[in-house]
Every structure is written in C-alpha cells, then in structure tokens.
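Quick note on labels: first sequence line is chain A, next is B, and so on, each numbered from 1.
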2 protein chains.
Amino acid sequence: MSSVDKIDLKIIEMLAADSRRSLADIGNSVDLAPSSVNERIRRLVASGVIRRFTVEVDPAALDRATQIYVWVALREDADEGAFREFAGTDPRIEECHHVTGAWSYLIKLRLKDVSAVEEFLSDLKSANFLGRSETVLALSSPVEAGVIPKGA
Amino acid sequence: MSSVDKIDLKIIEMLAADSRRSLADIGNSVDLAPSSVNERIRRLVASGVIRRFTVEVDPAALDRATQIYVWVALREDADEGAFREFAGTDPRIEECHHVTGAWSYLIKLRLKDVSAVEEFLSDLKSANFLGRSETVLALSSPVEAGVIPKGA
DNA sequence: GGTGAAAGAGGCCGGGT
DNA sequence: ACCCGGCCTCTTTCACC
C-alpha cells in the first residue's frame with residue numbers, strides 16, 4: 001500500500017512547482033535530512049506515485065496553441081482496438097476518454113490552428129473510425145493544462 | 001523571436017520523457033557539449049518555451065482518479081470575472097475553457113469519486129455562477145493526461 | 001524511517017576558439 | 001554558438017541509530 005503521508009504530499013507539491021529544487025532545500029521545508037528526502041522520492045517513484053520527472057512546455061512554441069474538443073461516435077463496424085491504438089499514437093491527441101452520454105468518445109486535440117481540424121477528421125474518416133462527430137473550439141482558457149509532449 | 005530549432009526540440013523531448021537526464025547524456029544524443037546543452041536549456045527557460053520543471057503524479061495517489069467534464073451555462077447575472085477567479089483557484093478544476101457552441105464553459109474536473117460531483121455543482125450554485133449544466137463522466141481513458149498539482 | 005559523513009557525479013562558470 | 005576545464009554544490013550510498 002502506497003501510504004503517501006503529509007510529508008510526501010508536501011514533497012510532491014514542491015517538486016511539482018520546481019522539480020530541480022535541491023534535496024537540501026526540500027529537506028529544510030519538511031524538516032528532514034537530504035538523504036531522507038531522497039529516500040522518500042525514490043520510494044514515490046518506485047511505487048508509481050510519481051510517474052516521471054518532466055517539463056511543461058509553452059503550447060505555442062510547439063505549434064499547438066489551438067485546443068479543440070471532438071465528440072466522436074464510432075462507425076458500427078469500426079475496429080475499436082485499432083482506434084484506441086491510433087489515439088495513443090497520434091501526437092495531436094492529448095486526451096481521449098470513453099464517456100457517458102450520447103457520444104462514445106471525447107477527444108481533446110492540440111493543433112497548430114483551426115484549419116488543422118479538417119485534416120484530423122479526414123484522418124479519422126479514412127481509417128474508417130468516424131461515424132458522426134461534433135467539434136467544439138476552446139476560445140480562451142481561464143485554466144489551462146500545460147503541454148507535455150507524449151514520449152516514446 | 002524564440003526560434004526553437006531541431007536540436008532544441010530534441011532536447012525538449014528528452015526532458016519531457018525524463019527531466020533528470022544529465023547534460024552529458026543529452027549532449028551525446030544531440031552531438032553537443034554539456035555546457036552547450038545547458039546554455040540552450042537556460043535560454044528555453046528564459047524565453048518561456050519551457051515553463052517549468054515538474055513531476056507527473058498518479059491521480060489515484062492524490063485521490064483524484066475520477067475525471068469529469070461539466071458543460072456550464074453561467075447565470076445571466078453571474079460575475080464572470082469572479083467565476084474565472086474561482087476556476088483558477090479551485091484545485092478540483094484541472095481545465096476551464098470558454099467554448100463555442102450551446103454552452104459557455106467546459107470544465108474538466110479531477111475528483112475523488114462520482115459523489116464529489118454533486119458537491120462541486122452545489123458550490124457553483126451557491127456562488128451564483130450556475131445557470132444550467134450537463135455532466136459527462138469519463139469511464140475509461142485510452143489517452144490520459146497526467147496530473148500536475150497546480151502550485152502556489 | 002531517519003541521520004550524517006564520505007565519495008562520486010554533475011552542474012556551473014569562467015576564458016578561449 | 002560552441003567547447004574545455006576546474007571548482008563546488010548536490011546526489012548517492014552506507015553503516016549506524
């Protein structure tokens with residue numbers, strides 16, 4: 001059982017804000033020796049609580065400033081396994097959820113601009129996935145998740 | 001102008017996969033000396049291309065395994081500025097977008113479980129934000145963004 | 001689990017091409 | 001812009017508590 005006590009939580013928060021903080025620095029904030037902090041982080045990583053150390057990138061710098069949601073109903077005869085495979089591989093897809101309600105999937109896209117939506121939908125179509133779909137543009141985002149390029 | 005050439009891109013990808021990689025290690029992959037890699041990273045951070053070094057955390061470990069989308073129509077008399085302020089502050093809200101279509105906002109929630117949705121909606125209501133809303137549950141997620149606690 | 005010290009690695013920063 | 005090299009801080013390990 002991965003307990004994650006208050007100290008672990010504090011460590012996680014500090015790492016989330018700046019994962020390059022030194023162990024000594026973190027140790028000061030939680031009243032622990034650097035080696036103890038190190039051991040806790042090691043355990044958090046080993047147990048999968050911390051999935052990875054990474055960087056958050058400005059979407060615009062990667063030509064992915066446009067956020068788009070697409071509701072998708074798969075074709076009756078679509079290969080759902082292949083669709084999930086596709087979703088996991090395509091770098092344009094930031095999230096893909098099987099959802100309740102009238103549609104089967106909700107996909108979140110990060111694209112260069114609105115014109116790239118058409119290409120995406122046409123890709124879905126030519127792979128025989130697409131039944132119907134509905135597209136929603138994000139105009140502005142009071143709260144926006146940062147981009148983290150999905151790795152190999 | 002922040003140019004971001006191919007080498008920068010490669011560096012960003014490597015850091016995204018594991019931001020603790022050593023400069024020497026990265027340098028080998030892009031045929032650059034550690035100090036040159038360091039300088040490029042410094043510039044990427046300074047120019048805002050890299051927003052921060054952080055950690056991606058297992059949602060379940062933070063009691064936020066449940067992903068929910070809420071379509072919101074604000075009340076006619078709602079204080080939209082206050083709403084945006086609220087959205088930015090509430091830790092349950094992972095994303096909040098002003099969107100095209102029938103609804104005004106799309107909110108993405110990360111909650112402990114489905115029962116926490118009701119509490120969230122009631123909070124929206126008592127703050128006089130909520131006109132109508134529609135809730136969509138994510139049942140499973142072929143592609144899921146990792147959680148990064150929003151820090152102070 | 002936590003500690004502290006010792007050792008080793010890695011980042012940092014000058015000067016040079 | 002990039003490379004080299006020396007300093008020095010930080011991580012890592014380990015025997016002990």
Side-chain angles (χ1 to χ4, degrees), chain A residues 1-64 146-149 151-152, chain B residues 1-64 146-149 151-152:
Chain A
M1 290 280 77
S2 52
S3 18
V4 185
D5 59 21
K6 288 220 163 181
I7 295 180
D8 288 330
L9 219 61
K10 176 80 178 171
I11 291 174
I12 289 171
E13 274 169 23
M14 294 187 73
L15 289 177
D18 177 9
S19 65
R20 290 195 295 187
R21 280 269 236 321
S22 76
L23 299 174
D25 193 1
I26 298 173
N28 280 335
S29 301
V30 297
D31 286 301
L32 244 50
S35 57
S36 304
V37 176
N38 194 24
E39 174 63 12
R40 277 174 179 264
I41 294 176
R42 202 197 53 73
R43 269 202 302 274
L44 288 169
V45 171
S47 68
V49 172
I50 293 178
R51 288 185 172 164
R52 58 171 170 169
F53 283 70
T54 186
V55 287
E56 186 183 308
V57 181
D58 175 15
L62 302 178
D63 273 328
R64 301 180 62 186
V147 262
I148 297 178
Chain B
M1 290 272 72
S2 53
S3 21
V4 186
D5 60 20
K6 288 219 164 182
I7 295 179
D8 287 331
L9 219 61
K10 176 82 178 170
I11 291 174
I12 289 171
E13 274 170 25
M14 294 188 73
L15 289 177
D18 176 9
S19 67
R20 290 195 295 189
R21 282 274 241 312
S22 75
L23 299 174
D25 193 0
I26 297 172
N28 281 335
S29 301
V30 297
D31 286 301
L32 244 51
S35 56
S36 304
V37 176
N38 196 21
E39 174 62 12
R40 276 173 179 263
I41 293 176
R42 203 196 52 71
R43 268 203 301 273
L44 289 169
V45 171
S47 68
V49 172
I50 293 179
R51 288 185 173 162
R52 58 172 169 168
F53 283 71
T54 186
V55 287
E56 185 183 308
V57 182
D58 174 15
L62 302 178
D63 272 328
R64 301 180 64 188
V147 262
I148 297 177

With pairs defined as Watson-Crick or G-U wobble and both distances under 3.5 angstrom, please note down DNA chain D as a dot-bracket string, | for pairing with another strand.
||||||.||||||||.|
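- Taking each heavy atom of B:R21 and B:D25 in turn, the nearest pair found is CD-OD2, 3.0 Å.
- At whole-Å resolution of the value, CD in A:E39 and P in C:dG2 are 8 Å apart.
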Along nucleotides 8-17 of chain D, 5' to 3', which nucleotides get a B, which get an S, and which get a -, given that the test is a protein heavy-atom distance under 4.0 Å?
--SSBB----
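- Atom CZ in A:R40 sits roughly 14 Å away from atom C1' in C:dT3 (whole-Å rounding).
- Legend: side-chain hydrogen bond (donor to acceptor under 3.5 Å, both in side chains) pairs involving residues 28-39 of chain B, not counting sequence neighbours, sorted by first then second residue: B:E39-B:R42, B:E39-B:R43.
- Scanning both residues, A:P59 and B:R51, for their nearest heavy atoms gives CD-NH2, 3.5 Å.
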Strictly under 3.5 Å: I want the nitrogen or oxygen pairs between protein and nucleotides 15-17 of chain C, one per line.
none

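- Looking at residues two or more places apart in sequence or on another chain, you find a side chain to side chain contact (heavy atoms under 4.5 Å, CB included) between A:P34 and A:L23, A:A24.
- Contact check for B:I12 versus A:V57: side-chain heavy atoms found under the 4.5 Å cut-off.
- Regarding B:N28, its CG atom lies at a distance of 11 Å from the P atom of C:dG10, rounded to whole Å.
- Taking side-chain N and O atoms only, B:S36 has a distance below 4.0 Å to OP1 or OP2 of D:dC3.
- With a 4.5 Å cut-off on side-chain heavy atoms, B:D58 and B:L62 do not count as touching.
- Here B:D18 pairs with nothing under the side-chain hydrogen bond (donor to acceptor under 3.5 Å, both in side chains) rule; sequence neighbours left out.
- As a whole-Å value, the separation of A:I26 CD1 from C:dG2 C1' is 17 Å.
- A salt bridge links B:D5 with B:R40; the closest basic N to acidic carboxylate O contact falls under 4.0 Å.
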Does the side-chain contact (heavy atoms from CB on, under 4.5 Å) test come out yes or no for B:I148 and B:V55, once each step is laid out?
CA-CA 7 Å; B:I148 297 177; B:V55 287; over 6 Å; no
Should B:V45 and B:F53 be marked as a side-chain contact (heavy atoms from CB on, under 4.5 Å) after you check the CA-CA gap, both sets of side-chain angles, and the distance that decides it?
CA-CA 9 Å; B:V45 171; B:F53 283 71; 4.0 Å; yes
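- Of the possible polar contacts, none joining the B:R52 side chain to the A:S19 backbone as a donor-acceptor pair under 3.5 Å is found.
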